[in-house]
2 protein chains.
Amino acid sequence: MGANILIVEDEESILELIAINLHQSGFTPIRALNAEYADKLIHEAVPDFIILDWMLPGMSGIDFAKRLRSNTSTKKIPIIMLTAKSEEENMIKGLDSGADDYLTKPFSPRELVARIKAILRRKAPELIDEPIQINKLHLDPTTYLVKSNGTTLQMGPTEFRLLHFFMKNPDRVFSRNHILDKVWGNQSDIDDRTVDVHIKRLRDSLTLAKHHKLIQTVRGIGYRFCENHKQ
Amino acid sequence: MGANILIVEDEESILELIAINLHQSGFTPIRALNAEYADKLIHEAVPDFIILDWMLPGMSGIDFAKRLRSNTSTKKIPIIMLTAKSEEENMIKGLDSGADDYLTKPFSPRELVARIKAILRRKAPELIDEPIQINKLHLDPTTYLVKSNGTTLQMGPTEFRLLHFFMKNPDRVFSRNHILDKVWGNQSDIDDRTVDVHIKRLRDSLTLAKHHKLIQTVRGIGYRFCENHKQ
DNA sequence: CATTGTATGACATTTTTATGACAGTTTTTT
DNA sequence: AAAAAACTGTCATAAAAATGTCATACAATG
């Protein structure tokens with residue numbers, strides 16, 4: 001359920017403050033007092049999110065962020081940077097296109113949590129989401145199960161993510177490329193048309209519960225998940 | 001669809017940061033590292049919005065803004081100015097020069113996007129894909145649905161774009177060529193009379209909801225979408 | 001009522017989507 | 001570790017829907 005969030009911050013009091021607040025918000029905080037230790041932790045288990053102090057002993061936050069961006073396995077981890085008021089001016093100079101957002105100290109913990117959620121909602125909704133139910137179709141991200149009237153529907157991982165994405169954004173139309181971006185990830189060396197095939201597979205899975213009509217084709221645009229059957 | 005937003009900023013990292021965030025918000029970013037290049041780009045295609053750094057090499061942001069304001073074709077483009085904290089006091093001059101809003105660096109990308117949308121909502125609502133409702137006829141660009149009294153009206157992509165265009169510009173009469181330009185795109189080696197056929201198809205689609213009379217023929221001129229039935 | 005502009009139905013063509021098969025991978029089972 | 005099962009992405013082809021044009025019917029105008 002809770003996303004693993006790595007906090008890299010050399011001031012222990014701030015580190016704790018953040019950790020406690022994240023924990024209370026349902027996340028799993030992972031603590032690191034410096035970049036070296038953070039590295040070790042990342043090597044053990046790649047976190048879902050990183051909160052990075054800009055001023056760190058040894059390697060600076062910026063350099064650390066850059067290294068994270070250049071490594072394939074950590075490239076896509078969202079990063080929020082923390083900076084002191086006085087460093088604000090330098091901050092912008094070093095702000096790599098990689099950082100997703102930043103906060104100036106002192107900041108409210110609520111603000112921090114809000115921004116984390118906002119970024120996660122956009123980049124990895126499955127880490128933040130609760131079970132969704134639409135039209136007797138019930139999807140639970142924690143158990144990875146899709147049910148309808150008690151029966152469990154079978155589908156592959158990609159179809160599950162696709163369905164989750166659609167149920168999270170009902171009624172909206174998405175282009176194939178948008179879907180690729182959100183469901184596959186931003187690598188996109190994948191053919192547009194592959195989406196068609198997975199839509200087909202998802203529809204097949206939903207057919208058992210007569211829910212296949214939920215996914216509609218919008219010609220020339222893309223696909224839409226619509227709770228309104230009649231069209 | 002997504003508004004074209006020209007970003008004029010000499011610091012490449014900031015330029016990228018903004019561009020990526022705009023892209024993620026559905027806008028189309030256009031990058032310029034200096035005023036001269038921006039000029040060239042504007043000459044090629046007038047953007048819908050400009051984000052302008054206050055401090056630019058060569059010509060300052062202020063001067064650039066003033067020049068934009070004095071030119072007829074660029075006079076009405078909304079501008080957001082970016083300024084460093086230390087320059088905030090001078091900023092008043094920036095607003096004087098015609099900027100619609102400004103932001104102090106460092107700023108959060110979310111804040112920037114929010115302000116852009118706020119300004120667009122006020123100045124050019126048609127660039128921000130929001131639902132339009134006229135006379136019980138409801139069109140939503142995000143869901144690609146046209147509804148009337150709860151029932152969804154079926155139509156092809158071209159008819160949808162045509163209706164969208166009309167609803168964005170109600171009461172005005174448009175010639176067939178103008179319509180071709182706006183709805184089909186400027187390439188159009190397409191026959192004038194093709195518009196007639198699509199108008200017919202659109203009317204057919206609207207007939208189900210008794211809304212067909214909304215589209216009126218203006219003999220010798222073209223067509224008009226009119227919310228007032230009697231005219 | 002003749003002229004000019006518009007509506008409409010039919011149709012061939014083009015564009016877009018659905019679908020089944022397949023080969024290479026990865027994961028699970030044995 | 002080997003075998004079996006499941007999953008992926010890509011293609012080729014079938015199927016469906018949309019498009020633009022044309023000929024003809026219809027309506028408005030003077």
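Chain letters run A, B, ... following the sequence lines, proteins first and then strands; every chain starts at 1. Excluded from the calculations below are hydrogen atoms, water molecules and symmetry mates; all remaining heavy atoms, backbone and side chain alike, are included. Just so it is clear, the structure is predicted and the values come from calculations on it, not from any experiment.
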May I have the distance from [X] (atom [atom1]) to [N] (atom [atom2]), rounded to whole angstrom?
X: A:Ile221; N: D:dA18; atom1: CD1; atom2: C1'; answer: 13 Å
X: A:Arg193; N: C:dC22; atom1: CZ; atom2: P; answer: 22 Å
X: A:Arg161; N: D:dT8; atom1: CZ; atom2: C1'; answer: 11 Å
X: B:Phe160; N: D:dA18; atom1: CZ; atom2: P; answer: 13 Å
X: A:Arg201; N: C:dG20; atom1: CZ; atom2: P; answer: 11 Å
X: A:Asp189; N: D:dG9; atom1: CG; atom2: P; answer: 10 Å
X: B:Ile199; N: C:dA7; atom1: CD1; atom2: P; answer: 8 Å
X: B:Leu202; N: D:dA18; atom1: CG; atom2: C1'; answer: 15 Å

> Are the side chain of B:Arg161 and the backbone of B:Val183 linked by a donor-acceptor contact shorter than 3.5 Å?
Replying inline: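 Side chain of B:Arg161 to backbone of B:Val183: a pair is present.
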> Can you check whether B:Asn4's main-chain N or O pairs, donor with acceptor, with B:Asp48's side chain at less than 3.5 Å?
Replying inline: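 Yes, the answer is positive, given that a donor and an acceptor are paired below the 3.5 Å cut-off.
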Answer yes or no: does a side-chain N or O of [X] lie under 4.0 Å from OP1 or OP2 of [N]?
X: B:Thr217; N: C:dG5; result: no
X: A:Tyr223; N: C:dA18; result: yes
X: A:Arg219; N: D:dA16; result: no
X: B:Arg176; N: C:dG5; result: no
X: B:Trp184; N: D:dT19; result: no
X: B:Lys200; N: C:dT6; result: no

> How are the rings of A:Phe160 and A:Tyr144 set to each other: parallel, tilted or perpendicular (split at 30° and 60°)?
Replying inline: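 A:Phe160 and A:Tyr144: parallel rings.
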> Where does the angle between the aromatic ring planes of A:Phe166 and A:Phe225 fall among parallel (under 30°), tilted (30 to 60°) and perpendicular (over 60°)?
Replying inline: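 Judged by the thresholds at 30° and 60°, the geometry between A:Phe166 and A:Phe225 is parallel.
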Out of [options], which nucleotide sits closest to the side chain of [X]?
X: B:Val197; options: C:dT6, D:dC22, D:dT19; result: D:dC22
X: B:Pro157; options: D:dT19, C:dT6, D:dT8; result: D:dT19
X: B:Asp196; options: C:dT17, D:dG9, C:dT8; result: C:dT8
X: B:Thr158; options: D:dT19, D:dG9, C:dT6; result: D:dT19
X: A:His198; options: D:dT8, D:dC11, C:dG9; result: D:dT8

>> Classify B:Glu159 by what it touches in the nucleic acid, base, sugar-phosphate, or nothing, heavy-atom distance under 4.0 Å.
In response: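 B:Glu159: backbone/sugar contact only, no base atoms under 4.0 Å.
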> Reckon B:Arg203 touches a base, only the sugar-phosphate, or nothing at all at heavy-atom distances under 4.0 Å?
Replying inline: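 Touches sugar-phosphate only.
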> Do the non-hydrogen side-chain atoms of A:Leu162 and A:Ile215 ever get within less than 4.5 Å of each other?
Replying inline: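 Side-chain contact under 4.5 Å: no.
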>> Before you tell me yes or no, could you show the steps for B:Leu153 and B:Lys147 under side-chain contact (heavy atoms from CB on, under 4.5 Å), namely the whole-Å CA-CA distance, both residues' side-chain angles and the distance that decides it to 0.1 Å?
In response: CA-CA 6 Å; B:Leu153 302 181; B:Lys147 290 185 181 179; over 6 Å; no
